[in-house]
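Input: a single structure, listed below in structure tokens.
Ligands are counted one by one from 1 in listed order, and the atoms in each one are counted from 1 as well.
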Amino acid sequence: MISTTTPPHTTKDDWWRSAVVYQVYVRSFADSDGDGVGDLQGIRQRLPYLRDLGVDALWLTPFYTSPMIDGGYDVADYRDVDPMFGTLADFDAMIADAHTLGLRIIVDLVPNHTSSAHRWFTAALAAGPGSPERARYLFADGQGPHGELPPNDWESIFGGPAWTRVADGQWYLHLFDPAQPDLNWRHPEVRAEFEDVLRFWLDRGVDGFRVDVAHGMIKADGLPDVGFSTITTGQRQVELLGKGRLPYFDQDEVHEIYRAWRPILDSYPGGRMAVAEAWAETPQRLARYVGPDELHQAFSFDFLDATWTADSFRKVIDTALTESTVVGAPTTWVLSNHDKQRHVTRYGDGVEGLRRARAASLLMLALPGSAYLYQGEELGLPEVLDLPDELRQDPAFLRTGESRDGCRVPLPWSGDLAPYGFGPAGSEASWLPTPATWRALSVDAQSGVPGSTLELYRATLRIRRDHPALAVDAGGVTWLESGPDVLAFSRTAGETVLTCVVNLSGAPVLIDGYGQPLVASDTLTEQGSGHLLPVDAAAWLERR
Ligand code: GLC
């Protein structure tokens with residue numbers, strides 16, 4: 001393993017503004033006890049790897065007590081660790097080690113819904129219609145002469161109706177799986193409970209929260225119909241996500257919740273932060289989640305959704321940067337996460353997809369703001385497209401045929417036998433099988449190999465950390481005149497100019513006049529006083 005002596009990126013309270021955050025999908029990162037499932041001790045053992053990679057913080061997906069219907073996004077106890085992942089003591093030991101290594105820890109907070117196994121929901125079922133226990137959730141009577149139809153036309157994000165009927169005839173709302181009943185965020189006990197959950201983890205030392213479905217907690221008054229559904233038009237309501245308004249998402253009142261959370265975060269020392277997983281109709285509405293009295297960041301999913309063209313990237317970058325200027329908080333970039341097809345595959349898969357993914361990473365990491373990496377992207381992992389159906393666990397799979405399992409396959413660390421060092425020798429089979437082709441993509445297989453994706457990430461993150469022009473308060477993006485389908489922009493600190501060039505065209509381009517190459521996603525060949533940048537490649541160059 002390569003060791004760096006670089007100190008933690010920043011000890012300042014606004015560390016998150018430029019942080020590179022590594023998303024750990026806990027189930028699939030590292031398995032310390034050989035049961036085929038990743039765990040907190042596994043993360044703890046691999047912290048030096050993440051420190052050496054050069055990230056500033058980790059975001060851990062939910063590791064709380066859960067029946068694991070939706071991979072832990074169905075939380076039964078917000079203040080405990082599921083035995084599958086370890087114990088609270090393991091968490092404490094892990095965060096202590098992380099902090100010693102200069103790594104911060106962000107945990108996932110799932111406030112929109114609980115698990116149906118949560119004590120509140122079992123109490124609600126037992127207590128019956130009209131009870132105070134039911135008031136914490138969204139129970140309603142059905143339509144039709146006998147209440148046999150759902151209260152409205154809302155659809156679950158995972159397919160099918162968003163309502164399930166219980167034995168006494170009432171229905172309850174679940175925007176996701178029936179095992180994830182939505183909470184009633186107009187109920188003071190719900191608000192008080194989550195403020196307490198925030199404090200519970202802040203007291204344990206977490207540096208921040210990733211807020212799950214941050215746009216979802218408030219539903220429009222009266223629960224009005226959307227007006228169309230898959231049954232009536234063939235169009236799923238979820239297709240409006242990020243494009244239109246739905247009565248169950250992005251309601252103005254949701255911002256009151258964050259205005260109540262912010263003083264809690266601010267009351268702790270060391271710069272505690274929160275990042276929103278929010279989907280809104282426009283970038284302007286997304287930006288409303290971010291600001292000095294709300295959350296610190298919101299993922300720019302438009303960047304993730306951009307297609308492989310210069311126009312597409314430039315448009316989303318410009319819009320996101322403009323919006324972040326308006327709200328005074330840097331943009332939060334992301335290319336992959338546990339819900340989306342890995343970007344190697346989105347950009348075409350195979351050799352082409354990998355080339356583009358590597359170039360896109362250089363693009364992302366040169367932009368002002370914070371960047372979130374998804375575990376395994378530093379290895380160039382593709383989506384696993386051929387998982388056997390019977391092994392798929394995503395609850396959406398049965399209802400829609402769409403499955404997010406292919407981006408959740410356990411990481412390959414070392415060795416010649418699957419699952420390639422994910423667990424100790426002699427472990428049980430990993431919860432999803434690792435493809436044989438990943439042997440060559442393991443951490444050990446790529447470490448020290450010039451040109452490997454892992455070494456590209458290590459080199460890029462090292463430069464990003466040290467380079468004055470990439471510092472958060474350095475100059476913004478200046479677009480440069482470049483050929484068609486070529487993106488070129490510079491960032492400046494004093495006399496030093498760093499230029500990032502991405503070739504999205506079908507032919508190599510000559511890059512000249514930008515100075516010395518610092519890092520490139522593919523081999524540059526010298527030509528005259530400049531260099532040829534291959535197709536689907538990116539480079540950072542420096543002029544002083
Ligand atoms: C978020 C999570 C996703 C989960 C859903 C329901 O979108 O990222 O994995 O299924 O919320 O909690």
Side-chain angles (χ1 to χ4, degrees), residues 21 23-29 38 59-76 78 82 106-118 121 137-138 154-160 162 164 173-183 185 194 197 209-217 219 236-242 246 248-250 254 274-280 286 289 295 297-301 304-305 332 334-342 372-375 383 392-400 402-409 432:
V21 183
Q23 180 189 353
V24 173
Y25 192 72
V26 179
R27 265 206 293 187
S28 301
F29 184 68
W59 148 31
L60 310 188
T61 54
F63 47 79
Y64 316 109
T65 316
S66 166
M68 296 295 285
I69 302 293
D70 184 22
Y73 284 95
D74 46 324
V75 180
Y78 289 85
D82 195 279
I106 295 171
V107 297
D108 222 307
L109 185 73
V110 189
N112 180 67
H113 43 264
T114 68
S115 159
S116 52
H118 191 281
F121 194 71
Y137 291 91
L138 293 159
W154 295 3
E155 290 178 348
S156 155
I157 310 305
F158 291 163
T164 287
L173 180 74
H174 52 85
L175 291 180
F176 294 88
D177 192 81
Q180 295 165 295
D182 279 53
L183 286 163
W185 269 87
F194 276 88
V197 169
F209 298 91
R210 177 263 189 189
V211 184
D212 186 62
V213 198
H215 54 305
M217 281 108 94
K219 279 75 181 177
R236 291 183 61 202
Q237 290 172 5
V238 68
E239 288 169 33
L240 274 191
L241 213 57
L246 288 161
Y248 44 83
F249 282 148
D250 193 29
V254 81
V275 52
E277 184 225 12
W279 295 84
L286 179 67
Y289 289 79
L295 303 177
Q297 303 180 321
F299 293 116
S300 168
F301 291 123
L304 184 153
D305 284 336
T332 305
V334 57
L335 286 167
S336 277
N337 64 34
H338 67 293
D339 292 329
K340 295 285 178 182
Q341 193 175 67
R342 283 186 178 275
Y372 281 65
L373 312 179
Y374 178 49
Q375 65 177 38
E383 187 84 0
R392 292 185 185 268
Q393 298 200 12
D394 184 352
F397 181 59
L398 286 181
R399 290 158 165 241
T400 62
E402 284 168 26
S403 151
R404 298 166 293 175
D405 295 295
C407 61
R408 300 175 176 180
V409 171
L432 286 174

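The ligand atoms of ligand 1 that sit less than 4.0 angstrom from a heavy atom of H338 are 2 (C), 3 (C), 8 (O), 9 (O). The ligand atoms of ligand 1 that sit less than 4.0 angstrom from a heavy atom of R404 are 3 (C), 4 (C), 9 (O), 10 (O). Using a 4.0 Å cut-off to heavy atoms of H113, the atoms of ligand 1 that qualify are 6 (C), 12 (O).
Aromatic ring orientation, H215 versus F249: tilted (interplanar angle from 30° to 60°). Ring geometry for H338 versus Y25: interplanar angle under 30°, hence parallel rather than tilted (30 to 60°).
Nearest protein neighbour of atom 8 (O) of ligand 1, counting heavy atoms only, is D339 OD2, 2.4 Å. If you check which protein heavy atom lies closest to atom 1 (C) of ligand 1, you get D212 OD1, 2.7 Å. In terms of protein heavy-atom proximity, atom 5 (C) of ligand 1 is closest to F176 CE2, 3.7 Å. Shortest contact from atom 7 (O) of ligand 1 to any protein heavy atom: E277 OE2, 2.7 Å. Atom 4 (C) of ligand 1 has as its closest protein heavy atom D70 OD2, 3.3 Å.
Of all the heavy atoms of R210, the ones lying under 4.0 Å from any atom of ligand 1 belong exclusively to the side chain. Here F158 has side-chain heavy atoms under 4.0 Å from ligand 1, and that is the only part of it that gets that close.
Across I157 and R236, no two heavy atoms sit closer than the pair O-NH2, 2.8 Å.
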Check: Should K340 and F301 be marked as a side chain to side chain contact (heavy atoms under 4.5 Å, CB included) after you check the CA-CA gap, both sets of side-chain angles, and the distance that decides it?
Finding: CA-CA 10 Å; K340 295 285 178 182; F301 291 123; 5.5 Å; no

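Contact annotation: R408 has at least one heavy atom less than 4.0 Å from an atom of ligand 1.
Y73 and D108 form a side-chain donor-acceptor contact under 3.5 Å, judged by distance and modelled atom types alone. Between the side chains of Y374 and D339, no donor-acceptor pair is found at a separation under 3.5 Å. Donor-acceptor pairing under 3.5 Å is recorded for the side chains of S66 and D74.
Remark: R27 does not engage D82 in a salt bridge, criterion side-chain N to carboxylate O under 4.0 Å.
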